[in-house]
Amino acid sequence: MSERQKTVALIGARGHVGAELMRLLFAHRGFDLVLVSSREYAGEAVARHVAGAPDGLHFEAATAAQVAEREPDACILALPNGLADAWVGEIAARRPQTVIVDVSADYRFDPGWHYGLPELRPTPPGTTRIANPGCYATAMQLAIAPVAGIIASPPHCFGVSGYSGAGTTPSPRNDPARLQDNLMPYQPIGHLHEREVSFQLPTAVRFTPHVAAFFRGISMTVGMELDSSYELAAIVQKYEEAYAGVPLLLVSTEIPEVAANAGHHHACVGGFQLDAAGRYLVAFATLDNLLKGAATQALQNLNLTCGYAELEGIPHA
Ligand SMILES: NC(=O)c1ccc[n+]([C@@H]2O[C@H](COP(=O)([O-])OP(=O)(O)OC[C@H]3O[C@@H](n4cnc5c(N)ncnc54)[C@H](OP(=O)(O)O)[C@@H]3O)[C@@H](O)[C@H]2O)c1
């Protein structure tokens, strides 16, 4: 742990992901959250909304220029997709050494940014531009990566998310009344996370997303045609070897369930099943979309680039 706390600005703090990031950062010994932005909550004490906030910290409707003037060591952008460019441009122009972690999808395809999925691509110390992976995209990659080299055709990924995945702007996909006793499929062709995973893994994927009535969590069921016949034990061994010693990833033979994983920082991969020919594999993954799918992952990345232990400030077993 370095002696001086590093200062952090959080842009988009009112959102679901922003709120989780604040909880983590307030409890972190190495970071001092000096600026939290929200236009809607501007002027309100952060402590009114988030437990653990220091007295005197207020939400601010800060512009990018005002953020840069405060010279933070790091800035986390937790804004809707499509807005990051203006913030990055202004901050980079005035203070290029500020670490920027973008949790939106805006830089996930940009080779100038590190795509930070720590279990597969740890962030090197000193990285200043980090694109945080998407929540469904994280679940898909963790479920597929250990067997990506033996897959014969694009896996099919059936994903179900809690409605916090749709953010706080009202829509049918985060309307509890619409979702009650319901399951809502959406965007079965060309979903952003389908492109993201196909871009990151050595195999393309197919992805059919759904949203359900629970608030947080993702269940991902992945069907994979394999290139020859395999024993189940050999498949399980691939996952266990790939994730041995990876602290935020539990591999289990049981099918992981959302309710057991929601509110936790780790992801679960398991429930592996093979058909009689040994050529069709189904694997399951669960994670909390707001934690491992967003805030936890952003903090892992920030810890790694700042030279802290990867799990500093992240409670884990
Ligand atoms: N929710 C998830 O499960 C999840 C998982 C992984 C990644 N992500 C990504 O993380 C980002 C945030 O997601 P979220 O679910 O937290 O969204 P959200 O709940 O809708 O929050 C969006 C935040 O951005 C601010 N904002 C909106 N428009 C703005 C603008 N024009 N200028 C400045 N601030 C603006 C909002 O605050 P004010 O309106 O008060 O300013 C709010 O704090 C998104 O890019 C999302 O794709 C989300």
Side-chain angles (χ1 to χ4, degrees), residues 9-24 33 35-44 46 48-50 58-67 75-91 100-109 115-117 130-142 159-171 173-175 187 191-193 195-197 209-212 214-220 258 261-263 265 267 286-301:
L10 174 60
I11 314 305
R14 176 181 62 81
H16 290 318
V17 175
E20 295 295 349
L21 277 163
M22 283 193 283
R23 289 186 192 100
L24 286 169
L33 192 49
L35 190 158
V36 291
S37 93
S38 164
R39 299 159 308 162
E40 193 170 317
Y41 290 171
E44 293 186 36
V46 177
R48 269 192 58 188
H49 297 272
V50 180
H58 291 76
F59 288 100
E60 302 174 48
T63 63
Q66 289 166 336
V67 172
C75 179
I76 306 176
L77 302 176
L79 299 167
N81 290 336
L83 298 179
D85 241 10
W87 292 82
V88 172
E90 186 81 31
I91 293 165
I100 303 178
V101 180
D102 181 28
V103 304
S104 84
D106 293 2
Y107 294 100
R108 292 180 196 154
F109 301 86
Y115 182 81
L117 205 171
I130 300 165
N132 220 51
C135 47
Y136 283 125
T138 298
M140 285 187 261
Q141 287 174 83
L142 295 177
V160 182
S161 174
Y163 64 85
S164 61
T168 54
T169 302
S171 86
R173 286 192 281 117
N174 58 21
D175 177 353
Q187 212 180 328
H191 190 281
L192 180 70
H193 292 195
R195 286 191 283 124
E196 181 179 334
V197 176
H210 300 71
V211 60
F214 57 88
F215 179 69
R216 60 195 303 156
I218 282 178
S219 175
M220 185 65 66
V258 166
N261 195 221
H265 292 282
T286 55
L287 52 76
D288 186 314
N289 54 302
L290 301 177
L291 296 176
K292 187 70 189 97
T296 303
Q297 194 132 270
L299 185 54
Q300 286 175 274
N301 284 323

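As the structure is a prediction and not an experimental result, all values here were calculated from the model. Order of listing sets the numbers, starting from 1, for every ligand and every atom in it.
The residue from Leu291, Leu299, Leu287, Asp288 that alone fulfils the side-chain contact (heavy atoms from CB on, under 4.5 Å) condition with His265 is Leu291. The side-chain contact (heavy atoms from CB on, under 4.5 Å) with Asn289 is formed by just one residue from the set Ile218, Thr138, Val258; it is Ile218.
Note: Phe215 and His16 meet the aromatic proximity criterion, with ring centroids under 6.0 Å apart.
With a heavy-atom cut-off of 4.0 Å, Asn132 does not touch ligand 1 at all. By the criterion of a heavy-atom distance under 4.0 Å, the backbone of Ser164, and not its side chain, is placed next to ligand 1. Of all the heavy atoms of Ser104, the ones lying under 4.0 Å from any atom of ligand 1 are found in both the backbone and the side chain. The part of Ala13 lying near ligand 1 is the backbone, judged by heavy-atom distances below 4.0 Å.
Judged by distance alone, the side chain of Gln141 and the main-chain N or O of Ala137 form a donor-acceptor pair under 3.5 Å. Side-chain atoms of Arg39 never come within 3.5 Å of backbone atoms of Ala62 as a donor-acceptor pair (strictly under, hydrogens ignored). Between the Asn81 side chain and the Ser104 main chain, no donor and acceptor come within less than 3.5 Å of each other. Checked by atom type and distance alone, the side chain of His58 never pairs as donor or acceptor with a backbone atom of Glu44 at under 3.5 Å. Asp175 contributes no side-chain N or O that, together with a main-chain N or O of Pro170, makes up a donor-acceptor pair within less than 3.5 Å.
The nearest protein atom to atom 29 (C) of ligand 1, hydrogens excluded, is given as Arg39 NH2, 3.1 Å; this is a heavy-atom distance. Looking only at protein heavy atoms, the nearest one to atom 23 (C) of ligand 1 is Ala78 O, 3.6 Å. Looking at atom 24 (O) of ligand 1, its nearest protein heavy atom turns out to be Pro80 CD, 3.4 Å. Thr168 OG1, 3.4 Å is the protein heavy atom nearest to atom 18 (P) of ligand 1. Of the protein's non-hydrogen atoms, the one nearest atom 21 (O) of ligand 1 is Gly15 CA, 3.2 Å. Val17 N, 2.9 Å is the protein heavy atom nearest to atom 16 (O) of ligand 1.
For a threshold of 3.5 Å applied to N or O pairs, the pair formed by Ser37 and ligand 1 contains no separation below that value. Looking at Cys135 next to ligand 1, no N or O pair under 3.5 Å apart turns up. Between Trp87 and ligand 1, no pair of N/O atoms sits closer than 3.5 Å. In terms of polar-atom proximity, defined here as any N/O pair under 3.5 Å, Tyr41 makes no such contact with ligand 1. Among the atoms of Gly293, none of the N or O lies under 3.5 angstrom from an N or O of ligand 1. Every N/O-N/O distance between Leu290 and ligand 1 stays at or above 3.5 Å.
Within the listing of ligand 1, atoms 45 (O), 47 (O) sit less than 4.0 angstrom from a heavy atom of Asn81. Every atom of ligand 1 is numbered from 1 in the order shown, and the set under 4.0 Å from a heavy atom of Gly167 is 15 (O), 17 (O), 18 (P), 19 (O), 20 (O). Taking every non-hydrogen atom of Glu40 and a distance limit under 4.0 Å, the qualifying atoms of ligand 1 come out as 38 (P), 40 (O). Applying the 4.0 Å criterion to heavy atoms of Val103 picks out, from ligand 1, the atoms 7 (C), 9 (C), 10 (O), 11 (C). Listed by number with element, the atoms of ligand 1 under 4.0 Å from a non-hydrogen atom of Ser38 are 38 (P), 40 (O), 41 (O). The distance from ligand 1 to the heavy atoms of Ala294 drops below 4.0 Å at these ligand atoms: 5 (C), 6 (C).
No side-chain donor-acceptor contact under 3.5 Å links Tyr136 and Glu196. When only modelled atom types and interatomic distance are considered, Tyr107 and Asp85 share a side-chain donor-acceptor pair under 3.5 Å.
For atom 33 (C) of ligand 1, the choice among Leu287, Leu83, Leu79 with the nearest heavy atom turns out to be Leu79.
Summarising the geometry of Cys135 relative to His193, their closest heavy-atom pair is N-CE1, 3.6 Å, with the distance given to 0.1 Å. The nearest pair of heavy atoms linking Asp106 to Leu83 is OD2-N, 3.2 Å.
Taken from CD1 in Ile130 to CG in Leu77, the straight-line distance is 11.5 Å, to the nearest 0.5 Å. With values rounded to the nearest 0.5 angstrom, Asp102 atom CG is found 11.5 Å from Asn301 atom CG.
Ligand 1 lies nowhere less than 4.0 angstrom from a heavy atom belonging to Gly134.
At a distance under 4.0 Å, no protein heavy atom can be found next to atom 46 (C) of ligand 1.
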